[in-house]
Amino acid sequence: MSTPRVFIVRHGETEWSVNGRHTGSTDIPLTANGERRVKATGKALIGNDRLIVPRKLVHVYVSPRKRAQRTFELLYLGLDEPLPWEHHGEIDGVGFPCNAKIEVTEDVREWDYGDYEGITTPQIREMRKQQGLDPNWDIWRDGCPGGESPADITARLDRVIKEIREKFHAPVMNQPKGEASHGDVLVVAHGHILRAFAQRWAGKSLHEGPTFLLEAGGVGTLSYEHHNVNEPAILLGGAFLVDIEGTGTQLPN
């Protein structure tokens, strides 16, 4: 009996992600290269014998920002229902069958950078120096003036994590051994919010957690130890699935 997982997907490359500018509320599109890389990720990682098996997804959380929504469009999932937004571009192919419900939620939007929107970390540190503030700025500790604090981020992410565990994961892990388990969840969002999501998933405060990195267009995996919803864990390496010949049973490769 497989343990349900959460796949976190950062949106593809944008002009601002290339040059290191903090992009919160500013709604900018993916670059052409960003779109190509997301398509490649979808083809490599999504499928009936891949890391992300579409038929095992039960819910998808997507940020309201079009760069995240466009990323989801390019991931090659075949959905029964239309997307809850107008398409941001062409979609190639029909994808693999997926019955997951798609939810657009502000709870997974990017960190509100406030006064730091659209500028780089070196520029932020220089600004703080001129303002007489500690130039050794750390978003996990200091947050953003005019924007969100680590406490703000923690509150909204904890809501999502609680819902995932109670609504989608706990019921699956309470099923009798051997029954089919379709409890995987996908979150398509942004760099800082998804790194914070991983820290909160593991029960760490944002200022004390380990430093996670997630490249533009990158995919991370969260799950549990011992098939126990009370033992959340970071899955450092996930495997593709293969059918056991003649049984229809799937095992990690």
Side-chain angles (χ1 to χ4, degrees), residues 5-47 50-54 56-113 117-118 156-157 160 164 184-198 201 212-222 238:
R5 298 166 293 180
V6 176
F7 299 103
I8 55 174
V9 181
R10 182 183 173 188
H11 67 75
E13 174 191 281
T14 67
E15 180 183 347
W16 283 18
S17 72
V18 171
N19 57 35
R21 297 168 68 181
H22 288 75
T23 320
S25 58
T26 306
D27 218 1
I28 59 178
L30 304 184
T31 64
N33 185 55
E35 292 213 358
R36 286 192 294 268
R37 293 182 66 182
V38 171
K39 288 180 183 178
T41 296
K43 290 179 180 178
L45 298 184
I46 296 175
R50 304 300 168 94
L51 178 64
I52 302 174
V53 180
K56 298 188 75 170
L57 291 172
V58 294
H59 202 79
V60 180
Y61 297 94
V62 184
S63 163
R65 303 293 174 251
K66 64 185 177 183
R67 57 192 182 276
Q69 295 176 356
R70 180 57 177 159
T71 295
F72 178 77
E73 292 174 6
L74 297 168
L75 285 179
Y76 205 59
L77 289 168
L79 301 168
D80 291 339
E81 299 181 359
L83 293 174
W85 62 79
E86 294 294 328
H87 287 187
H88 300 297
E90 296 296 322
I91 300 176
D92 298 332
V94 296
F96 294 92
C98 177
N99 297 319
K101 175 179 173 57
I102 315 301
E103 177 183 352
V104 177
T105 174
E106 293 282 344
D107 279 346
V108 298
R109 73 183 187 275
E110 183 54 297
W111 199 307
D112 184 342
Y113 297 119
E117 178 76 9
R156 60 181 170 100
L157 289 181
V160 179
I164 290 171
D184 290 347
V185 171
L186 182 69
V187 182
V188 185
H190 312 267
H192 269 122
I193 201 66
L194 289 176
R195 291 164 65 190
F197 188 102
W201 182 267
F212 295 121
L213 298 176
L214 186 61
E215 293 181 343
V219 178
T221 310
L222 312 174

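With hydrogens and angles ignored, the 3.5 Å screen pairs a side-chain donor or acceptor of Asp184 with a backbone N or O of Arg5. A donor-acceptor pair is defined here as one N or O able to donate and one able to accept, closer than 3.5 Å; no such pair exists between the side chain of Glu110 and the backbone of Ala189. Checked by atom type and distance alone, the side chain of Arg195 pairs as donor or acceptor with a backbone atom of Phe212 at under 3.5 Å. Formation of a donor-acceptor pair under 3.5 Å by the Thr26 side chain with backbone atoms of Thr23 is not found in this model. A donor-acceptor contact shorter than 3.5 Å is absent between the side chain of Arg50 and the backbone of Leu45.
Rounding to the nearest 0.5 angstrom, the gap separating the CD atom in Gln69 from the CH2 atom in Trp85 is 5.0 Å. In this structure, CZ on Arg67 lies 12.5 Å from CD on Glu15, to the nearest 0.5 angstrom.
The two residues Val104 and Pro84 make their nearest non-hydrogen contact at CG2-CG, 3.9 Å. Minimum heavy-atom separation, Gly217 to Thr41: O-OG1, 3.7 Å. Taking each heavy atom of Val6 and Ile164 in turn, the nearest pair found is CG2-CG2, 3.9 Å. Contact detail for Val60 and Ala100: the closest heavy-atom pair is CG2-CB, 3.9 Å.
With a 4.5 Å cut-off on side-chain heavy atoms, Ile52 and Phe96 do not count as touching. Contact of the Val38 side chain with the Arg70 side chain is not registered, since no non-hydrogen atoms from C-beta on lie closer than 4.5 Å. Taking the side chain as every heavy atom from C-beta outward, Ile46 and Pro54 approach each other to under 4.5 Å. Taking the side chain as every heavy atom from C-beta outward, Leu74 and Leu30 approach each other to under 4.5 Å. Side chains of Ser17 and Arg10 form a contact here, defined as non-hydrogen atoms less than 4.5 Å apart. At least one side-chain heavy atom of Arg65 sits under 4.5 Å from a side-chain heavy atom of Ser25. Taking the side chain as every heavy atom from C-beta outward, Phe197 and Leu214 never approach each other to under 4.5 Å.
No more than 12 heavy atoms of other residues, nucleotides or ligands lie within 6.0 Å of CZ in Arg37, so this atom counts as exposed by the packing criterion. Within 6.0 Å of CD on Glu103 lie more than 12 heavy atoms contributed by other residues, nucleotides or ligands. Dense packing is recorded around NZ of Lys66, with more than 12 heavy atoms of other residues, nucleotides or ligands lying under 6.0 Å away.
Ile102 pairs in a side-chain contact (heavy atoms from CB on, under 4.5 Å) with only one of the listed residues (Leu77, Val62, Leu186), which is Val62. Among Ile8, Leu222, Val160, Leu157, the one residue that satisfies the side-chain contact (heavy atoms from CB on, under 4.5 Å) test with Trp201 is Leu222.
With 3.5 Å as the limit, one finds no donor-acceptor pair spanning the side chains of Glu73 and His88. Trp16 and Glu117 share no side-chain donor-acceptor pair at under 3.5 Å.
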Problem - Worked verdict on Leu51 versus Phe7 for side-chain contact (heavy atoms from CB on, under 4.5 Å) - result: CA-CA 10 Å; Leu51 178 64; Phe7 299 103; 3.9 Å; yes
Practice task
Quick one: do Arg156 and Glu106 satisfy side-chain contact (heavy atoms from CB on, under 4.5 Å)? Show the steps, please.
Solution key: CA-CA 9 Å; Arg156 60 181 170 100; Glu106 293 282 344; over 6 Å; no
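Aromatic ring pairs are classed by plane angle as parallel below 30°, tilted from 30° to 60° and perpendicular above 60°; the pair His11 and His190 is perpendicular.
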